[in-house]
Amino acid sequence: MSVDHDRAMKRLEARKLELAELQAMSEEARSAVELDQQSVGRLSRMDALQGQAMAQEQQRRRQLDLVRIEAAFRRLEDDEYGYCLECGNEVADRRLEIDPMATLCITCAGLSERS
(Lines give C-alpha, C1' and ligand atoms only; values in the text may rest on other atoms or scores of the structure.)
Protein backbone atom coordinates (compact mmCIF):
# COMPACT_ATOMS: atom_id res chain seq x y z
CA MET A 1 0.00 0.00 0.00
CA SER A 2 1.22 3.44 -0.81
CA VAL A 3 -0.21 6.08 1.49
CA ASP A 4 -1.60 9.12 -0.29
CA HIS A 5 0.18 11.76 1.79
CA ASP A 6 -1.94 14.64 0.48
CA ARG A 7 -5.17 12.85 1.28
CA ALA A 8 -3.93 11.85 4.74
CA MET A 9 -2.79 15.43 5.40
CA LYS A 10 -6.22 16.78 4.39
CA ARG A 11 -8.00 14.30 6.68
CA LEU A 12 -5.77 15.24 9.61
CA GLU A 13 -6.14 18.97 8.97
CA ALA A 14 -9.93 18.62 8.73
CA ARG A 15 -10.06 16.73 12.03
CA LYS A 16 -7.82 19.33 13.69
CA LEU A 17 -10.09 22.14 12.48
CA GLU A 18 -13.17 20.27 13.70
CA LEU A 19 -11.59 19.87 17.15
CA ALA A 20 -10.74 23.58 17.32
CA GLU A 21 -14.34 24.50 16.45
CA LEU A 22 -15.72 22.12 19.10
CA GLN A 23 -13.30 23.53 21.66
CA ALA A 24 -14.47 27.07 20.99
CA MET A 25 -18.15 26.08 21.20
CA SER A 26 -17.74 24.25 24.52
CA GLU A 27 -15.74 26.92 26.32
CA GLU A 28 -18.77 28.25 28.19
CA ALA A 29 -19.82 24.77 29.32
CA ARG A 30 -16.39 24.22 30.90
CA SER A 31 -16.43 27.48 32.83
CA ALA A 32 -16.83 27.59 36.61
CA VAL A 33 -20.28 26.81 37.97
CA GLU A 34 -21.79 29.45 40.20
CA LEU A 35 -22.83 27.91 43.51
CA ASP A 36 -25.04 30.74 44.76
CA GLN A 37 -27.98 29.00 46.45
CA GLN A 38 -30.14 32.10 46.06
CA SER A 39 -30.06 32.07 42.25
CA VAL A 40 -30.42 28.34 41.50
CA GLY A 41 -31.75 25.30 43.29
CA ARG A 42 -29.72 22.32 44.46
CA LEU A 43 -30.72 20.09 41.52
CA SER A 44 -29.93 22.84 39.03
CA ARG A 45 -26.46 23.22 40.55
CA MET A 46 -25.93 19.45 40.41
CA ASP A 47 -26.98 19.44 36.75
CA ALA A 48 -24.63 22.34 36.06
CA LEU A 49 -21.74 20.58 37.81
CA GLN A 50 -22.41 17.38 35.90
CA GLY A 51 -22.57 19.31 32.61
CA GLN A 52 -19.31 21.04 33.46
CA ALA A 53 -17.61 17.72 34.27
CA MET A 54 -18.78 16.20 30.98
CA ALA A 55 -17.56 19.25 29.03
CA GLN A 56 -14.18 19.05 30.76
CA GLU A 57 -13.85 15.36 29.90
CA GLN A 58 -14.76 16.08 26.27
CA GLN A 59 -12.06 18.77 26.25
CA ARG A 60 -9.53 16.31 27.65
CA ARG A 61 -10.37 13.87 24.85
CA ARG A 62 -10.08 16.62 22.23
CA GLN A 63 -6.64 17.50 23.61
CA LEU A 64 -5.64 13.82 23.36
CA ASP A 65 -6.85 13.75 19.75
CA LEU A 66 -4.75 16.85 18.99
CA VAL A 67 -1.69 15.04 20.37
CA ARG A 68 -2.55 12.01 18.20
CA ILE A 69 -2.90 14.29 15.15
CA GLU A 70 0.53 15.81 15.75
CA ALA A 71 1.99 12.31 16.07
CA ALA A 72 0.32 11.34 12.79
CA PHE A 73 1.86 14.40 11.10
CA ARG A 74 5.30 13.25 12.35
CA ARG A 75 4.67 9.73 11.03
CA LEU A 76 3.75 11.25 7.66
CA GLU A 77 7.01 13.22 7.60
CA ASP A 78 8.99 10.09 8.51
CA ASP A 79 7.15 7.92 5.91
CA GLU A 80 5.84 5.72 8.73
CA TYR A 81 2.19 6.76 8.44
CA GLY A 82 -0.14 3.89 7.59
CA TYR A 83 1.95 1.21 9.25
CA CYS A 84 1.08 -0.54 12.51
CA LEU A 85 3.28 0.48 15.44
CA GLU A 86 3.05 -3.05 16.88
CA CYS A 87 3.63 -5.42 13.96
CA GLY A 88 4.71 -3.11 11.14
CA ASN A 89 1.98 -4.30 8.79
CA GLU A 90 -0.09 -1.85 6.80
CA VAL A 91 -3.09 -0.22 8.44
CA ALA A 92 -6.07 -0.60 6.12
CA ASP A 93 -6.91 2.55 4.19
CA ARG A 94 -10.56 2.23 5.27
CA ARG A 95 -9.43 2.28 8.90
CA LEU A 96 -7.38 5.41 8.25
CA GLU A 97 -10.38 7.03 6.55
CA ILE A 98 -12.44 6.48 9.71
CA ASP A 99 -9.62 7.38 12.12
CA PRO A 100 -6.74 9.16 10.37
CA MET A 101 -4.77 9.01 13.63
CA ALA A 102 -4.94 5.19 13.87
CA THR A 103 -1.62 3.65 14.86
CA LEU A 104 -2.54 -0.04 14.94
CA CYS A 105 -3.82 -2.46 12.34
CA ILE A 106 -7.16 -4.07 13.09
CA THR A 107 -5.51 -7.27 14.35
CA CYS A 108 -3.22 -5.53 16.84
CA ALA A 109 -5.99 -3.16 17.92
CA GLY A 110 -8.16 -6.18 18.71
CA LEU A 111 -5.35 -7.80 20.68
CA SER A 112 -4.70 -4.66 22.72
CA GLU A 113 -8.40 -4.41 23.65
CA ARG A 114 -8.34 -7.93 25.05
CA SER A 115 -5.31 -7.24 27.26
Side-chain angles (χ1 to χ4, degrees):
M1 165 182 92
S2 175
V3 173
D4 184 344
H5 287 271
D6 290 334
R7 197 164 138 203
M9 192 75 81
K10 286 178 184 174
R11 280 188 234 157
L12 290 166
E13 287 291 346
R15 181 67 179 138
K16 190 174 180 178
L17 180 62
E18 178 185 351
L19 290 170
E21 290 171 355
L22 287 170
Q23 183 173 343
M25 289 187 317
S26 72
E27 195 166 326
E28 184 179 327
R30 292 188 319 266
S31 63
V33 175
E34 189 173 316
L35 297 177
D36 180 9
Q37 291 185 6
Q38 304 303 324
S39 61
V40 293
R42 186 173 64 104
L43 291 178
S44 296
R45 285 192 313 281
M46 288 173 56
D47 286 343
L49 288 169
Q50 182 180 20
Q52 178 191 38
M54 290 187 321
Q56 288 172 342
E57 175 61 17
Q58 290 170 343
Q59 175 61 16
R60 187 192 67 77
R61 290 179 186 198
R62 282 191 291 273
Q63 287 300 116
L64 180 60
D65 276 353
L66 288 172
V67 169
R68 291 177 64 220
I69 288 170
E70 292 305 318
F73 281 134
R74 284 192 300 279
R75 287 193 308 278
L76 269 170
E77 290 173 9
D78 297 340
D79 289 326
E80 295 175 1
Y81 183 82
Y83 294 95
C84 179
L85 295 181
E86 287 291 320
C87 68
N89 289 333
E90 295 176 351
V91 176
D93 192 49
R94 180 72 179 132
R95 182 167 171 76
L96 292 171
E97 283 179 25
I98 293 168
D99 180 6
M101 298 100 62
T103 59
L104 301 175
C105 67
I106 196 72
T107 303
C108 291
L111 291 174
S112 70
E113 286 179 5
R114 292 183 208 139
S115 302

*asked:* Working note: Arg62 + Gln59, criterion side-chain hydrogen bond (donor to acceptor under 3.5 Å, both in side chains); need CA distance, chi angles, decisive distance, verdict.
replied: CA-CA 5 Å; Arg62 282 191 291 273; Gln59 175 61 16; 3.2 Å; yes

How long is the span from the [atom1] atom in [X] to the [atom2] atom in [Y], to the nearest 0.5 Å?
X      : Y      : atom1 : atom2 : value
Ile106 : Arg95  : CD1   : CZ    : 4.5 Å
Leu96  : Glu90  : CG    : CD    : 10.0 Å
Lys16  : Met9   : NZ    : CE    : 10.5 Å
Arg15  : Ile69  : CZ    : CD1   : 6.5 Å
Leu111 : Leu104 : CG    : CG    : 9.5 Å
Arg75  : Met101 : CZ    : CE    : 9.5 Å

I need the minimum non-hydrogen distance between [X] and [Y], along with the two atoms involved.
X     : Y      : result
Val91 : Ala102 : CG1-CB, 4.5 Å
Leu76 : His5   : CD2-ND1, 2.9 Å
Tyr81 : Ala72  : CD1-O, 3.8 Å

Between [X] and [Y], does any side-chain N to carboxylate O distance fall below 4.0 Å?
X     : Y     : result
Asp93 : Arg7  : yes
Glu13 : Lys10 : no
Arg68 : Asp99 : yes

Is the closest side-chain heavy-atom distance between [X] and [Y] below 4.5 Å?
X     : Y     : result
Val67 : Glu70 : no
Gln63 : Leu66 : yes
Phe73 : Leu12 : yes

*Between Asp78 (side chain) and Glu80 (backbone), is there a donor-acceptor pair under 3.5 Å?*
no

*Give the C-alpha distance, both sets of side-chain angles, the deciding distance and a yes or no for salt bridge (Lys or Arg N to Asp or Glu O under 4.0 Å) between Arg74 and Glu77.*
CA-CA 5 Å; Arg74 284 192 300 279; Glu77 290 173 9; over 6 Å; no

